[in-house]
Amino acid sequence: MTVAIASGKGGTGKTTVAVSLALSQTVPLLFLDGDVEEPNAALFLRPRILGSRPVEVRVPEVDAARCTACGACSRACRFHAIVSLKSKPLVFPELCHSCGGCVLACPSAAIRESLRAIGIIERGVSGSIRFAHGRLNVGEAMAVPVIHALREDDTQVGLTIVDAPPGTSCPVVAAIRGSDMVLLVTEPTPFGLNDLMIAVGTVRKLGLPLGVVINRSDSGNDSVRAYCGREGIPVLLEIPEDRRIAEAYSRGIPAIEARPELRTRFGLLHRRLTELAAPEARELGVGAAS
Amino acid sequence: MKIVVSARTDGLEADVDQRFGRAARFVLYDTETKSVENVDNQQSLNAAQGAGIQAAETVSRLGAECLLTGHCGPKAFRTLAAADVRVYTGAAGTVTQAIDSFLQGRLKLAAAADVDGHWA
Amino acid sequence: MNVREMVVVSGKGGTGKTSLVGSFAVLTQSAVLADCDVDAADLHLLLSPAVQRRVEFRSGHTAAIATGRCTGCGRCLELCRFGAIRASVPSRETASAPQKPGFSVDPVACEGCGVCVDHCAAGAIDFPERLSGEWFVSETRCGPLVHARLGIAAENSGKLVSTVRRQARDLAQAGHRALILVDGPPGIGCPVIASITGATSVLAVTEPTISGEHDLLRVLELCRHFDIEAAVCVNKWDLNPEASARIEEAARVAGALLVGRIPYDPTVTRAQIQARAVVEIGGPAAAATRKVWDAWLAVAS
């Protein structure tokens with residue numbers, strides 16, 4: 001089973017929940033930190049890194065000898081990443097989406113694709129947890145190819161936990177697609193509710209079952225709970241505001257180490273997630289897309 | 001020679017548009033025939049990304065040798081350079097005033113982009 | 001007129017960007033406000049905006065296969081690199097005779113590259129413009145606000161962010177306002193890059209945690225990459241004073257200017273629930289926020 005942990009708003013506690021869920025399990029587990037712009041889970045899981053590989057994307061390279069400056073590549077490109085003027089076409093690699101359109105369009109077979117590194121995937125172990133994260137190179141724009149490369153590592157052994165980036169757009173979609181269950185972590189504030197509603201929209205568009213965790217549950221107002229009730233979204237866990245958790249977090253110590261009694265609650269959470277992700281539950285529409 | 005000036009509206013009395021990539025119009029002026037042609041840049045205004053590149057392609061296709069504008073970003077500059085279009089920044093006032101300034105050698109030939117790209 | 005553009009980012013989400021921008025907006029009263037966190041926009045929740053203009057944001061295209069014209073050759077499936085082409089299985093309920101396989105496009109996965117469109121021998125693929133979201137120009141008690149809403153699961157490559165900034169710049173010129181205040185997104189990818197390029201000064205808001213420090217250093221590296229001056233402020237500093245001091249030192253070493261610290265204060269959330277900025281209510285965070293604003297204003301040149 002693959003569970004993705006996401007949120008609309010940043011800083012609600014995705015990584016706290018993802019790491020705690022991982023550490024409370026005894027099944028074989030794969031932890032993927034999909035927040036490739038700011039990967040933090042390693043600060044808590046402290047994996048021993050065993051290997052890494054670069055994430056490379058394809059960009060066009062023009063053979064000047066074969067190029068006739070016909071401009072077909074330029075006309076084919078919807079992203080202005082290759083521009084043909086008087087002589088050899090100009091390439092803007094940062095705008096390239098690696099679609100291959102220019103290569104196909106060239107009547108002189110003058111374009112081949114070369115690889116450009118935009119990030120890295122690191123793999124390791126933390127106790128019995130298999131771990132991988134992606135890191136986008138600073139200055140690169142596109143997180144999605146790194147997230148796709150990371151998710152290639154999902155070999156479906158037991159439980160896979162994907163720690164998604166904050167937000168609701170393409171990087172989050174790339175991180176949560178194809179998972180069996182999405183857990184949205186929120187906080188009971190107006191910002192939390194606003195962003196939760198957007199995140200719910202994204203998860204429902206993907207047709208995935210979802211549940212909510214309310215973090216710092218006694219710190220705001222009741223509107224998140226009321227919203228979940230109205231929408232039939234199960235609230236699977238509430239974690240009250242706790243200075244001990246906050247302090248431990250600030251030092252890179254996972255919540256269930258600071259508060260061992262949370263272990264049971266995360267164990268229960270796992271059970272509920274399994275129930276909600278099950279095919280029978282999906283057919284009944286329990287906690288799933290409306 | 002053919003000169004292109006980035007402009008806010010049409011004609012020689014139009015104000016120079018300080019931006020190149022997302023300029024509203026281009027006014028093409030031929031110094032020999034004294035003819036004036038107005039070219040729309042709507043495509044670039046709406047372009048999701050690479051507006052500067054698209055505008056540069058337009059200018060190149062017009063056969064311009066020189067471009068007069070306020071500011072020019074890096075991608076546009078690179079494209080114009082590849083198309084052998086000389087870029088002069090610091091143009092101001094009306095299109096006529098910009099052309100006069102240029103012909104009297106008062107505009108600066110740009111060696112590089114003079115503003116940051118807007119990414120995307 | 002020389003317009004200053006001051007952008008607030010964080011690296012890590014949830015450090016308090018939007019709350020701070022709300023307070024800055026109230027303190028200055030003379031800025032054009034821009035919410036560039038387009039996929040999770042919150043600034044409007046503090047400013048009670050009255051929408052004056054609403055514009056559809058169309059960006060890129062999405063392929064759509066016309067089933068009537070499709071011959072089922074599968075070339076689109078071969079060529080698509082984004083997993084956006086699905087083979088559709090004839091429905092058990094409606095098929096009375098064997099049907100040819102059909103293909104359809106998953107609009108969420110479609111990158112808008114047009115390769116399938118260009119290479120479909122039957123010309124069976126349409127390529128309509130994509131409605132990706134909308135942006136708004138609103139009036140608030142602090143001045144004009146440009147904000148946006150990205151479509152559900154839409155591509156957030158920074159294009160809508162650039163549009164919001166452009167509109168804010170046009171408003172500033174037209175309204176003779178010399179300052180644009182931008183609420184930026186978390187992270188370091190396209191939307192953040194689109195928020196900071198060409199800015200006068202960036203303020204990175206962080207928190208005294210190991211994650212906060214890690215993420216701050218990456219966003220400061222991004223600022224250096226684009227040659228933009230960066231200032232740093234530690235929010236909720238008293239949750240871990242040692243970590244706060246460490247982060248400030250790390251920020252200084254990274255070349256950023258320190259503009260102050262703000263204590264943890266439940267008044268911030270109380271204010272948010274009232275749709276107000278904390279400086280409109282008072283308390284320790286409000287007082288510290290004023291000092292941070294003055295300090296940042298002084299260094300942003």
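Residue numbers start from 1 in every chain, and the chains themselves are labelled A, B, ... in the order their sequence lines are given, proteins ahead of strands.
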*In terms of side-chain geometry, is the basic nitrogen of A/Arg78 or C/Asp118 positioned less than 4.0 Å from the acidic oxygen of its partner?*
yes

- Is any side-chain N of the basic residue among A/Arg116 and A/Glu140 closer than 4.0 Å to the acidic one's carboxylate O? yes

Whatever's closer than 4.5 Å to a heavy atom in chain A on C/Ala109 counts as both

Turns out that what part of A/Pro171 lies under 4.5 Å from chain C's heavy atoms comes down to neither

Counting heavy-atom pairs under 4.5 angstrom with chain A, the leader among C/Arg270, C/His214, C/Glu242 is C/His214

So, the part of A/Phe191 with a heavy atom under 4.5 Å from chain C: the answer is both

Under 4.5 Å to a heavy atom of chain A? For C/Glu213 that would be neither

Turns out that what part of A/Ser219 lies under 4.5 Å from chain C's heavy atoms comes down to backbone

Between the main-chain N or O of A/Gly252 and the side-chain N or O of A/Arg46, is there a donor-acceptor pair closer than 3.5 Å? yes

Bottom line for A/Val173: the part with an atom under 4.5 Å from chain C's heavy atoms is side chain

State plainly whether the residues C/Arg81 and C/Glu111 are in salt-bridge range, i.e. N to O under 4.0 Å. no

Checked A/Asn194, A/Leu43, A/Asn221 vs chain C; the most non-hydrogen pairs under 4.5 Å come from A/Asn194

Charged N to carboxylate O below 4.0 Å: is that the case for A/Glu247 and A/Arg243? yes

Scored by heavy-atom pairs under 4.5 Å with chain C, the best of A/Cys99, A/Ser7, A/Gly10 is A/Cys99

So, the part of A/Val36 with a heavy atom under 4.5 Å from chain C: the answer is backbone

Whatever's closer than 4.5 Å to a heavy atom in chain C on A/Leu104 counts as both

(request) Without swapping roles, check the side chain of A/Asp163 against the backbone of A/Ala18 for a donor-acceptor pair under 3.5 Å. (result) no

Comparing A/Val144, A/Thr168, A/Leu136 against chain C, the one with the most heavy-atom pairs below 4.5 Å turns out to be A/Thr168

Presence of salt bridge, C/Arg246 and C/Glu249, under 4.0 angstrom: no

In terms of heavy-atom pairs under 4.5 Å with chain C, the winner among A/Thr15, A/Thr202, A/Asp195 is A/Asp195

Worksheet item: Quick one: does C/Arg130's side chain have a donor or acceptor within less than 3.5 Å of a partner on C/His61's backbone?
Response: yes

Per-residue tally against chain C (heavy atom, under 4.5 Å) across A/His148, A/Glu113, A/Met142 peaks at A/Glu113

Cut-off 4.5 Å, heavy atoms of chain C, and the answer for A/Arg75 is neither

Discussion item. Tell me if the aromatic rings of A/Tyr249 and A/Phe44 count as close, with their centers under 6.0 Å from one another.
Written reply: yes

Looking only at C/Leu239, C/Thr269, C/Val38, most heavy-atom pairs under 4.5 Å shared with chain A are made by C/Leu239

Margin query: Keeping C/Ser244 on the side-chain end and C/Pro208 on the backbone end, is there a donor-acceptor pair under 3.5 Å?
Written below: no

Heaviest contributor of heavy-atom pairs below 4.5 Å to chain A, chosen from C/Val219, C/Leu150, C/Asp106, C/Asp215, is C/Asp215

